[in-house]
Protein chains: 2
Amino acid sequence: MVSTLRDVALAAGVSPATASRALSHPELVAPARRAAVEQAAHALGYRPNRAARELSSGRTGHLCLVVPDVANPFFASLVKGVQARARELGYGVFVADADDDPRLEAELVAQLGAQADGTILASPRMSDDAVAHLSADRPFVLVNRRHEAHASVVVDNTDGMRQAVRHLHALGHRRIGYVGGPAGSWSDARRRDGLEVAAHGLHRLDVVDLGHFPSSRGGGTAAADVVVASGVTAVLAHNDLVALALMDRLRSRGVRIPEEISVVGHDDTVAVLGSPRLTTIAVPLARLGRAAVDRLLDDEPGPDTPLPVELVVRASTAPAPAGGTADAYDDELELEGHRA
Amino acid sequence: MVSTLRDVALAAGVSPATASRALSHPELVAPARRAAVEQAAHALGYRPNRAARELSSGRTGHLCLVVPDVANPFFASLVKGVQARARELGYGVFVADADDDPRLEAELVAQLGAQADGTILASPRMSDDAVAHLSADRPFVLVNRRHEAHASVVVDNTDGMRQAVRHLHALGHRRIGYVGGPAGSWSDARRRDGLEVAAHGLHRLDVVDLGHFPSSRGGGTAAADVVVASGVTAVLAHNDLVALALMDRLRSRGVRIPEEISVVGHDDTVAVLGSPRLTTIAVPLARLGRAAVDRLLDDEPGPDTPLPVELVVRASTAPAPAGGTADAYDDELELEGHRA
DNA sequence: TTGTAAGCGTTATCAA
DNA sequence: TTGATAACGCTTACAA
């Protein structure tokens with residue numbers, strides 16, 4: 001049979017209260033008794049009943065993590081980090097997949113969040129307004145998105161763009177396209193900021209905004225044709241999945257990568273599966289997940305500096321084609337280009 | 001404030017016991033009172049306290065899912081299916097990532113499993129012996145692995161091999177290599193069975209066992225050289241990740257795919273990211289996850305037939321090279337080949 | 001420093 | 001069909 005705290009107390013010759021304290025607040029109990037209790041607990045294979053503990057203390061020992069799609073490698077890695085850190089701290093993690101439906105996300109936050117000591121939400125697509133109305137009574141942390149109403153952990157999206165643009169510029173690219181993520185995405189907006197900053201600092205550089213695209217393979221396929229039409233010699237994609245599909249479509253239109261067009265992905269989730277291997281902006285997803293847990297459980301909010309990202313150069317970026325199209329196109333066909 | 005059953009009972013003018021029954025076992029309560037309770041509950045925004053319910057009833061309303069690595073797309077998709085079905089049935093899901101450590105898996109099953117109404121375990125690498133010692137007191141289901149001591153849900157690994165071999169044979173391949181998964185893998189053993197069956201049914205066919213390899217990219221890279229040395233014109237890989245790395249290495253050794261060697265993956269997790277797109281044996285992972293939940297919660301075990309898999313033909317398989325090496329090698333260099 | 005005892009919110013047993 | 005009432009196992013004032 002499963003033994004209770006009573007059994008432990010009985011075996012150790014103390015009251016249930018002392019047994020409880022010995023296990024939960026050891027510093028309040030005399031060393032001798034504490035040892036006796038610990039030994040009895042161990043001998044009986046005692047495991048505290050979390051339901052009873054919760055009912056009495058109000059704390060569940062659970063964390064709740066809501067993501068749009070666990071099968072998306074970005075979120076899967078995030079789950080891994082959250083899970084690892086939570087385990088270290090003795091928490092179990094409810095993982096809720098919202099199946100890419102922002103309304104379901106809100107519902108899950110309300111439902112499962114009520115059964116946990118805190119909730120972590122990764123939701124690039126929920127509206128700011130909807131985010132504002134999420135439960136603020138319990139600890140709550142937003143991942144890779146800021147919002148005035150909540151705590152958050154983010155990565156340095158802006159700096160990632162800066163690194164990538166500098167890399168491409170050094171390779172001689174002078175006309176670089178940006179395949180944006182869905183409109184309204186917080187990180188997409190930050191990346192556009194980074195693009196602007198980067199473009200201003202470099203010589204003779206056009207950054208061309210190719211528009212907003214779905215952050216799926218379909219987005220990359222659609223973007224490819226826009227890329228070709230824009231005359232850029234390099235592209236930054238919103239994520240690796242998009243970049244891979246983009247390369248696929250480019251190739252099938254006869255464009256050689258990286259000889260004719262260089263491609264940069266984002267996140268480093270599936271970049272290594274591409275052919276050629278994708279140069280990408282690596283995001284420390286597991287660290288981000290761990291940081292989310294710490295932030296959730298931290299009493300003092302802290303400064304919340306963005307986590308650093310790192311450009312990983314692989315085979316999909318190369319020097320700009322000689323006599324590249326950059327100058328040829330310089331004064332035509334400029335879709336909202338930023339100019340240095 | 002959050003309202004309790006007492007509040008509902010008070011508002012509805014009934015006793016807490018009746019309120020409880022009205023909500024949990026409606027058929028035991030007179031329609032009039034039931035309606036009153038339901039209305040009061042709704043009006044007060046009543047949410048049952050799961051801890052209290054658990055303490056009293058013994059049921060947690062939680063399920064536990066332990067996987068070796070959530071960042072692996074195979075398991076991520078499985079999580080998605082489990083999660084979806086569990087939600088439909090009103091359960092929350094603890095997801096535990098064992099970080100590819102079978103010992104940790106066992107610990108997680110014991111720890112988190114004790115806080116749930118049932119546990120689902122996907123563990124290709126745990127030893128049969130270790131599996132035998134896992135908690136049998138609560139409902140427990142094994143995923144894609146059979147074991148006499150436990151219930152399980154599996155896919156038809158054997159038939160998948162049959163489909164793939166038939167496909168390759170029809171394309172004229174007469175010497176086909178098998179890049180196996182880790183030794184001890186249950187599904188790998190089933191696939192070898194399928195290979196044998198398939199080979200026996202087809203004319204002039206050699207299936208060459210290339211050995212056991214890690215189910216990671218490294219495994220695929222290592223396998224590539226063995227593939228080249230074996231003189232096969234087609235390869236079946238243990239999963240898509242392995243197949244993709246295999247193609248990478250083959251290509252860098254100057255082998256053209258599919259012109260010189262055809263490649264077949266398994267699972268259809270990342271097959272579409274490859275270039276060329278990978279022909280693969282699609283496994284219904286989400287369905288498998290859903291089935292695991294149903295099996296876990298089913299009172300009557302049922303027959304447990306394997307879920308069907310489906311060969312998806314893409315660009316990585318093509319007719320065998322003319323004057324292919326198959327016949328040339330027919331009587332030499334036969335590594336444990338099965339012969340029809 | 002320790003023990004007594006009162007809950008925590010729900011379910012389930014028993015009478016009525 | 002309904003209502004008291006006693007658990008469920010633990011934590012935490014409060015008292016000693």
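Quick note on labels: first sequence line is chain A, next is B, and so on, each numbered from 1. Worth knowing before you read on, the calculation uses all heavy atoms, side chains too, and leaves out hydrogens, waters and symmetry mates.
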Return the polar atom pairs (N/O with N/O) between nucleotides 12-16 of chain D and the protein under 3.5 Å, or none.
residue : atom : partner : partner atom : Å
D:dT12  : OP1  : A:Arg59 : NH2          : 3.3

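Scanning for side chain to side chain donor-acceptor pair (under 3.5 Å) contacts around A:Asp128 gives A:Arg145, with sequence neighbours left out. For B:Asp268, the salt bridge (charged side-chain N to carboxylate O under 4.0 Å, His left out) partners at least two apart in sequence or on another chain are B:Arg314. For A:Asp188, the salt bridge (charged side-chain N to carboxylate O under 4.0 Å, His left out) partners two or more places apart in sequence, or in a different chain, are A:Arg192. For B:Phe140, the ring pair (Phe, Tyr, Trp, His ring centres under 6.0 Å) criterion is met by B:His150, not counting sequence neighbours. Applying the side chain to side chain donor-acceptor pair (under 3.5 Å) test to A:Arg287 and every residue at least two apart in sequence or in another chain returns nothing. A:Thr18 meets the side chain to side chain donor-acceptor pair (under 3.5 Å) test with A:Ser15; sequence neighbours excluded.
Residues A:Pro139 and A:Leu297 have side chains not in contact (no heavy-atom distance under 4.5 Å, counting atoms from C-beta outward).
For residues 2-26 of chain A, no residue pair satisfies the salt bridge (charged side-chain N to carboxylate O under 4.0 Å, His left out) rule, not counting sequence neighbours. Sorted pairs that involve residues 25-48 of chain A and meet side-chain hydrogen bond (donor to acceptor under 3.5 Å, both in side chains), not counting sequence neighbours, are lacking altogether. Screening residues 62-87 of chain A for side-chain hydrogen bond (donor to acceptor under 3.5 Å, both in side chains), with sequence neighbours left out, gives A:Asp69-B:Lys80, A:Lys80-B:Asp69, A:Lys80-B:Asp97, A:Lys80-B:Asp99, A:Arg85-A:Glu88, A:Arg85-A:Asp294, A:Arg87-B:Glu107, A:Arg87-B:Gln111.
The CZ-C1' distance, from B:Arg33 to D:dT2, rounds to 7 Å in whole Å. Protein atom CZ of A:Arg6 is 15 Å distant from nucleotide atom P of D:dT11, rounded to whole Å. Regarding A:Leu10, its CG atom lies at a distance of 14 Å from the P atom of D:dG9, rounded to whole Å.
Two end axes, each from the C1' atoms of five base pairs, can be drawn for the helix from C:dT1-D:dA16 to C:dA16-D:dT1; they diverge by 30°, to 10 degrees.
First and last contacts of DNA chain C with chain B, using any nucleotide atom under 4.0 Å from a protein heavy atom and ordered 5' to 3', fall at C:dG9 to C:dT13.
For the pair B:Ala52 and B:Val29, nearest-nucleotide mapping onto DNA chain D gives the more 5' position to B:Val29.
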